Every structure is written in structure tokens, then in C-alpha cells.
Chemist: 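There's a structure below that I have some questions on.
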Amino acid sequence: MGIFEYAPAPESRDLANLKPHYRPFVNGEFVDGSGEPLKTINPATEEVLAEVGTASVSDVDSAVKAARKAYNNVWSKMPGSERAKYLFRIARLIQERSRELAVLESLDNGKPIKESRDSDVPTAAAHFFYHAGWADKLDYAGYGPNPKPLGVAGQVIPWNFPLLMLAWKIAPALATGNTVVLKPAETTPLTALVFAEICQQAELPPGVVNILPGAGDIGAALVGHGDVNKVAFTGSTEVGKAIQRQIAGTAKKLTLELGGKAANVVFDDAPLDQAVEGIVNGIFFNQGHVCCAGSRLLVQESIAEELLEKLRYRVSTLRLGDPLDKNTDIGAINSAEQLAKIKGLVESGDAEGAQRWTSPCPVPERGFFFAPTVFSDVQQSMRIAREEIFGPVLSVLTFRTPDEAVTKANNTPYGLSAGIWTEKGSRILWMANQLRAGVVWANTFNRFDPAAPFGGYQESGFGREGGRTGLEAYLDV
């Protein structure tokens, strides 16, 4: 059966309301940052989208002072029912500006518009709706009769889900009575700065939320600031370890959500067509720029050949190209640096003897693109089976018994997520109990809900975000 051909269906980039210049947001106002301005790039075209003013170390101090003042004088004293009203307003404004935010996210990040539109933006709004509901119920959350906020939260987020990671961090912090200084990723600052506009629209008291664009030195200055009480970081394991060393011996509370090398385990009784869709979603969603991506596929040996045949066909139907086209499945890699890392690890897979299959889809000549790739005959000692690639690259290993599957799945320093595909409920429960992973999906993958806690073990970090459990990270209990 041939692949359907679709006419281009681009979303209008005018909806993004791009400005030529963006500035940091401190104490309720957009201010001139004293750092060196950066130019943010559209990874699909390599064009400059906008110039962004960045913060300096002195700006970090100003933002923390603004957050402390807002915490002491307004936010921590405000009844939870009143804080909730602000969170509800923010959630509704995200919904009202959803098309603008989705287009801006796809332009700045490179992800397909259908993912920004249908996943990132709605889930970001859902986090504010959900946490607004908790704001006046903290006494009944199971943390004792009078849980207290911590104070000022310093938050550093990655480039793979810029708006969604912002919501994961800011919503629980505000709901529990903390104020925030947030540093977005250097390559994707735009939706965070539009979120600052939303804070103004919602008439959030000045200083409750502050946004400081900049490079890693600004994140380090924020994390190390003496008046920050809580640090929340999502990003690479290497940087997470550096943060842990930096704040060791202080009273700061810390949560880290770091890298992953998730196993997606398919047993011989699994519904294969359904499993193939889950595998594709698990590794090729957002170009594989997902910490919990199912980048290691463990297939029971007796069905490996059949599953690989189905998988290769399905991957060959994925459309790679313009992120703003509503038919695009695979968008652009976020940066030239990340593309080079992906290519280097793929070359190591070739050199170490894995069998590489790459989708025959056309790849644009301009922009940072990488065709979906599947490696078979992968051994556990290979770099592609051990290191986080953070791209659209899948490593396939086989197993014979459930015990072997568990052993191979756990043979990683990471522990963020895992997937299990089988018709046996008892096997799902048994295996979920054996896997060292913070989240285990059964007969699905990459499903998220604001009410469900998310986080990892080992080198995937510690602490949980989301749900009642995630509130504790922002409370003195």
C-alpha cells in the first residue's frame, strides 16, 4: 500500500506575533538586561527570529530581591483561595493565547505544530488549572496541619519543552505560596517571555514571577544565590551533578529531573500494531528530544523479526519537514550543537557493528534535521545502548525470558521511565515492580497528567513533579 500524499498545510507564522526584541522580566516589568544580547534561531530554517536581552549576575540579584520582597509582603501572606484565582487566570490566558504560543514554540524550538498545539500548550494550561485547585487545600494534602512555603524558588528549564517545563515548575511553586526566578534555556527563551506577558495580563503581583534569559552562567548564579531557598532543575545529568555539588552543605531544597535511557519492553503476546505505534511515539515524539524517551527497545526474540518489519514500514511513513506544517511528524533538531551530538553517536553505532536503518524520507537541505533511524543487532556495551542520544534514534535489543528483560532494562545508570507491552496483567504488575524507573507505562508510552507525579532514580535525578507528591518539594513539612 502506498503512502498518502498530503498537500502542505502550514499554520500561519504571523500568529506568533514575533517581536524583533525581547527583554528579561523582573518585578513585574520588562527591563533591559545587562548581559550580552543573544539571537534566537529558527532551527528549521536557521534564520534569526529575534534578539533577546539577557541577564547578568547583578540582574540575578535584582530578580531574587524582587522575588523575596513579593514573598515577604504579598504572596506568602495571601490566602490560598486568592492565590488560586491568579493561577486560574493564568491557565485561562494560556488557553486564550494557545495558537500564538503553539506557533511561537514551534518556530523557536523546531517541534511539529501538531505537538505544540495538541500536547505542549494544553498540558501547560492543565498544570495551572490543577495546581490552582490545590492552593487552598494544602492543610489537607497529608503534610500536617500547617505546611509552609519555602520562600524563593530558583528554577532552570531545558529547551525540549520550554513552555511545558515552565508550567511544571512555576504552577506548583505559586500554588504553595513561593515566588519564582526562572531561567529558560538559551536557545528557546521566547515562550517564557510571552508567559511573562500573561503574568502581567493576569495582574500577578510584581516580583512573584521573574524570567531571566541567559546562558549557563546565569543558571549557575541563580542556583548559587544565597537568598534562594529551593532549586528545581530539568536538564542533563552532567549539569545536575554540578548543581548538587554547588549547593551541597546549604539549606536549599533541591529537585533534579535529568537524563534517561528508557527501556520499552515488548513481549511475544503483545498487540504488535499497537506496540509499534507506542514505540514510534516513545522515541520519535519531539524528534526524540525527551528525557523519558523509549530509546532502548527490548523485544522478545521470537517476534523480533516481525516487529522490526512492521516498525520500519511505519517509520518510513513519518513525514519530516517544516514544523509549521500540520502534516509534519518529525520537525527540526533544536540546534546545530545537538545535531552534531546525534550524528557522532550514530557514527559510533556504525563503528561498533550495529545494523543501521534510516527512513528514506527526504531531508531538507537547510535547517537542522535528522531522519528517523533504527539500529538493530545492538549489544549492551555499545554507546548507542548506554548513552542518551536525545534524538530520533532507536536501539533495538532482544531477550528470551522476562528475567532477562528485567536485567537488560535495568542495565543503565539512568532510571526515569520504562514501558511494558503484554496482554498479561500479572506480568505488567510483576515487571513494573522489578524495573528501576520512576514512571512505568503499560501498553502505552509518553502519557502524562498533572495529577501524576513524575521523576527518576539514580542518574535520572530525584524528587517528583506533579500530583500531590510534587507539592512537597515546595513546602516546609
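Values in this document were obtained by computation on a predicted structure and should not be read as measured data. Nothing fancy with the numbering, it's 1 onward along the sequence.
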Chemist: Is it the case that the side chain of R83 and the backbone of A175 share a donor-acceptor pair, with hydrogens and angles ignored and the cut-off at 3.5 Å?
Modeler: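 A pair under 3.5 Å: yes.
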Chemist: Write down the atom of I389, the atom of Q338, and the distance for their closest heavy-atom approach.
Modeler: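 Reported closest heavy-atom pair: O-NE2, 3.2 Å.
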Chemist: For the residue pair D136 and S81, what are the closest heavy atoms and their distance?
Modeler: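 Closest approach of D136 to S81: CB-N, 3.6 Å.
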Chemist: Look only at the side chain of T250 and the backbone of I247, and say whether a donor-acceptor pair between them is shorter than 3.5 Å.
Modeler: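 Yes.
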Chemist: Which atom pairs, donor and acceptor, lie under 3.5 Å between side-chain atoms of residues 179-189 and protein residues at least two apart or in another chain?
Modeler:
| unit_1 | atom_1 | unit_2 | atom_2 | d |
| --- | --- | --- | --- | --- |
| T179 | OG1 | A67 | O | 2.9 |
| K183 | NZ | G214 | O | 2.9 |
| T187 | OG1 | N334 | OD1 | 2.9 |

Chemist: I'd like to know whether V266 forms a side-chain contact (heavy atoms from CB on, under 4.5 Å) with I279, so could you lay out the CA-CA distance, the side-chain angles of the two residues, the decisive distance to 0.1 Å, and finally the verdict.
Modeler: CA-CA 9 Å; V266 182; I279 294 162; 4.1 Å; yes
Chemist: Which atom names give the shortest non-hydrogen contact between L318 and C361, and what distance separates them?
Modeler: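 Nearest pair, atom of L318 first, then C361: O-CB, 4.2 Å.
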Chemist: Does a side-chain heavy-atom distance below 4.5 Å link R319 with T328?
Modeler: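 R319 vs T328: side chains apart.
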Chemist: Between S316 and W357, what is the shortest heavy-atom contact and its length?
Modeler: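 Taking S316 first and W357 second, the nearest heavy atoms are N-CH2, 4.0 Å.
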Chemist: Between F448 and F454, is the ring centre distance below 6.0 Å?
Modeler: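 Close enough - the centres of the two rings lie under 6.0 Å apart.
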Chemist: Check this for me, if you would: do E337 and K341 make a salt bridge, where the nitrogen-to-carboxylate-oxygen distance has to be below 4.0 angstrom?
Modeler: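 Between K341 and E337 there is no salt bridge, as every charged N stays at least 4.0 Å from the carboxylate O atoms.
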Chemist: Donor-acceptor pairs are to be reported for all side-chain atoms of residues 370-381 against protein atoms at under 3.5 Å, with residues two or more places apart or in another chain.
Modeler:
| unit_1 | atom_1 | unit_2 | atom_2 | d |
| --- | --- | --- | --- | --- |
| T373 | OG1 | T358 | OG1 | 3.2 |
| T373 | OG1 | A371 | O | 3.0 |
| Q380 | OE1 | N411 | ND2 | 2.8 |

Chemist: Any donor and acceptor pair, going by atom type alone, linking the side chain of N410 with main-chain N or O of R436 inside 3.5 Å?
Modeler: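 Side chain of N410 to backbone of R436, a donor-acceptor pair under 3.5 Å: yes, one is there.
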Chemist: What residues form a side chain to side chain contact (heavy atoms under 4.5 Å, CB included) with Q434, not counting sequence neighbours?
Modeler: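 Here the qualifying residues are V406, W430.
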Chemist: Given C292 and W441, is the side-chain contact (heavy atoms from CB on, under 4.5 Å) satisfied, shown in steps?
Modeler: CA-CA 11 Å; C292 58; W441 288 290; 3.9 Å; yes
Chemist: Is there a side-chain contact (heavy atoms from CB on, under 4.5 Å) between V223 and F233 once you walk through the steps?
Modeler: CA-CA 9 Å; V223 167; F233 172 76; over 6 Å; no
Chemist: What distance separates T54 OG1 from L212 CG, expressed to the nearest 0.5 Å?
Modeler: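 Nearest 0.5 Å value for the OG1-CG distance: 9.5 Å.
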Chemist: Could you list the donor-acceptor pairs under 3.5 angstrom formed by side chains in residues 154-173, with sequence neighbours left out?
Modeler:
| unit_1 | atom_1 | unit_2 | atom_2 | d |
| --- | --- | --- | --- | --- |
| Q155 | NE2 | K169 | O | 2.9 |
| Q155 | NE2 | Y474 | OH | 3.0 |
| N160 | ND2 | H289 | O | 3.1 |
| W168 | NE1 | H127 | NE2 | 2.9 |
| K169 | NZ | T234 | OG1 | 2.5 |
| K169 | NZ | E465 | OE1 | 3.4 |
| K169 | NZ | E465 | OE2 | 2.9 |

Chemist: Would you please test V52 and L193 for side-chain contact (heavy atoms from CB on, under 4.5 Å) and show each step?
Modeler: CA-CA 10 Å; V52 179; L193 295 171; 4.0 Å; yes
Chemist: Kindly indicate, with the supporting measurements, whether the criterion side chain to side chain donor-acceptor pair (under 3.5 Å) is fulfilled by T176 and N178.
Modeler: CA-CA 6 Å; T176 49; N178 301 277; 2.8 Å; yes
Chemist: Give me each pair satisfying salt bridge (charged side-chain N to carboxylate O under 4.0 Å, His left out) with a member in residues 297-307, each pair once, sequence neighbours excluded.
Modeler: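 Non-adjacent pairs meeting salt bridge (charged side-chain N to carboxylate O under 4.0 Å, His left out): E301-R400.
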Chemist: Taking it one step at a time, do E277 and R314 satisfy salt bridge (charged side-chain N to carboxylate O under 4.0 Å, His left out)?
Modeler: CA-CA 8 Å; E277 293 303 313; R314 180 65 182 91; 2.7 Å; yes
Chemist: State the CG-OG distance between D268 and S302, to the nearest 0.5 angstrom.
Modeler: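 D268 CG to S302 OG: 4.5 Å, rounded to 0.5 Å.
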Chemist: Is any side-chain heavy atom of F267 less than 4.5 Å from a side-chain heavy atom of P402?
Modeler: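 Answer yes - side chains close enough.
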Chemist: Could you check whether any side-chain N or O of S119 sits under 3.5 Å from a backbone N or O of S116, counting only pairs where one atom can act as donor and the other as acceptor?
Modeler: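 A pair under 3.5 Å: no.
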Chemist: With a cut-off of under 6.0 Å to the ring centre and 45° to the axis, is R464 in cation-pi contact with Y457?
Modeler: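 That pair qualifies as a cation-pi contact.
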Chemist: Can you measure from CG (L308) to CD1 (I303) and round to the nearest 0.5 angstrom?
Modeler: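 Spacing of CG (L308) from CD1 (I303) equals 9.5 Å.
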Chemist: Suppose we call two aromatic rings close when their centres sit under 6.0 Å apart. Are Y71 and W75 close by that rule?
Modeler: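 Between W75 and Y71, which both carry aromatic rings, the centre distance is not below 6.0 Å.
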Chemist: Is there a donor-acceptor contact under 3.5 Å from the side chain of K252 to the main chain of H225?
Modeler: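 Confirmed, K252 side chain pairs with H225 backbone.
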Chemist: Does W421 use its side chain to pair, donor to acceptor, with the backbone of P271 at less than 3.5 Å?
Modeler: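 Judged by distance alone, no pair lies under 3.5 Å.
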Chemist: Between CD1 of I283 and CG of N264, what distance do you get to the nearest 0.5 Å?
Modeler: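 Result: 9.5 Å between the selected atoms.
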Chemist: Please indicate whether E309 has more than 12 foreign heavy atoms, meaning atoms of other residues, nucleotides or ligands, lying under 6.0 Å from its CD.
Modeler: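 No, the 6.0 Å shell around CD holds no more than 12 heavy atoms from other groups.
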Chemist: Tell me if a side-chain donor or acceptor on R296 pairs with a main-chain N or O of K261 at a distance below 3.5 Å.
Modeler: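 Answer holds: yes.
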Chemist: Got a donor-acceptor contact below 3.5 angstrom from the Q300 side chain to the F399 backbone?
Modeler: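 No, because the side chain of Q300 does not come within donor-acceptor range (under 3.5 Å) of the backbone of F399.
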Chemist: Before accepting this row, confirm whether a basic side-chain N of the pair K111/E105 lies closer than 4.0 Å to the acidic partner's carboxylate O.
Modeler: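 Here K111 does not pair with E105 in a salt bridge, since their nearest N and O are not under 4.0 Å apart.
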Chemist: With a 3.5 Å distance limit and no angle check, can you tell me whether N229 reaches the backbone of V152 through a side-chain donor-acceptor pair?
Modeler: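 Checked: pair present.
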Chemist: Are W134 and R468 close enough that some pair of their side-chain heavy atoms sits under 4.5 Å apart?
Modeler: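 Side-chain contact under 4.5 Å: yes.
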Chemist: Salt bridge (charged side-chain N to carboxylate O under 4.0 Å, His left out) for K310 and D273? Distances and angles first, verdict last.
Modeler: CA-CA 8 Å; K310 288 177 176 289; D273 290 334; 3.1 Å; yes
Chemist: Distance from R356 atom CZ to D350 atom CG, nearest 0.5 Å?
Modeler: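 Between atom CZ of R356 and atom CG of D350 there are 5.0 Å.
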Chemist: Within the distance-only criterion (no hydrogens, no angle test), does the side chain of N210 pair as donor or acceptor with the backbone N or O of V64 below 3.5 angstrom?
Modeler: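 Answer holds: no.
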Chemist: On a heavy-atom basis, which atom in P147 and which in L138 lie closest, and how many Å separate them?
Modeler: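 Closest pair (atom of P147, atom of L138, distance): CG-O, 3.4 Å.
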Chemist: Taking only residues two or more places apart in sequence or in another chain, which ones pass side chain to side chain contact (heavy atoms under 4.5 Å, CB included) with K148?
Modeler: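 For K148 the side chain to side chain contact (heavy atoms under 4.5 Å, CB included) partners, ignoring immediate neighbours, are N146, D476.
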Chemist: Assess whether atom NZ of K114 is packed by more than 12 heavy atoms of other residues, nucleotides or ligands within 6.0 Å.
Modeler: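 Yes, NZ of K114 has more than 12 neighbouring heavy atoms, counting only those of other groups under 6.0 Å.
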Chemist: Grab the two heavy atoms, one from G353 and one from M382, that are nearest each other, plus how far apart they are.
Modeler: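 Looking at all heavy atoms of both residues, the shortest contact is C-CE, 4.1 Å.
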Chemist: Hey, would you say the Y86 and F128 ring centroids sit under 6.0 Å apart?
Modeler: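 No, the ring centres sit 6.0 Å or more apart.
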Chemist: So, do S335 and I41 sit near enough that their side-chain heavy atoms are less than 4.5 Å apart?
Modeler: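 In short, these two side chains do not touch, never coming nearer than 4.5 Å.
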Chemist: Find the distance between OG1 (T191) and CG (L104) and round it off to the nearest 0.5 Å.
Modeler: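 T191 atom OG1 to L104 atom CG measures 6.0 Å (nearest 0.5 Å).
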Chemist: Do other residues, nucleotides or ligands put more than 12 heavy atoms under 6.0 Å from K137 NZ?
Modeler: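 Above 12, so yes.
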Chemist: D269 and R427: salt bridge (charged side-chain N to carboxylate O under 4.0 Å, His left out), yes or no, with the steps?
Modeler: CA-CA 11 Å; D269 63 340; R427 179 182 284 163; 3.4 Å; yes
Chemist: Any side-chain heavy atom of D120 within less than 4.5 Å of one from N109?
Modeler: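 No - every pair of side-chain heavy atoms lies 4.5 Å or more apart.
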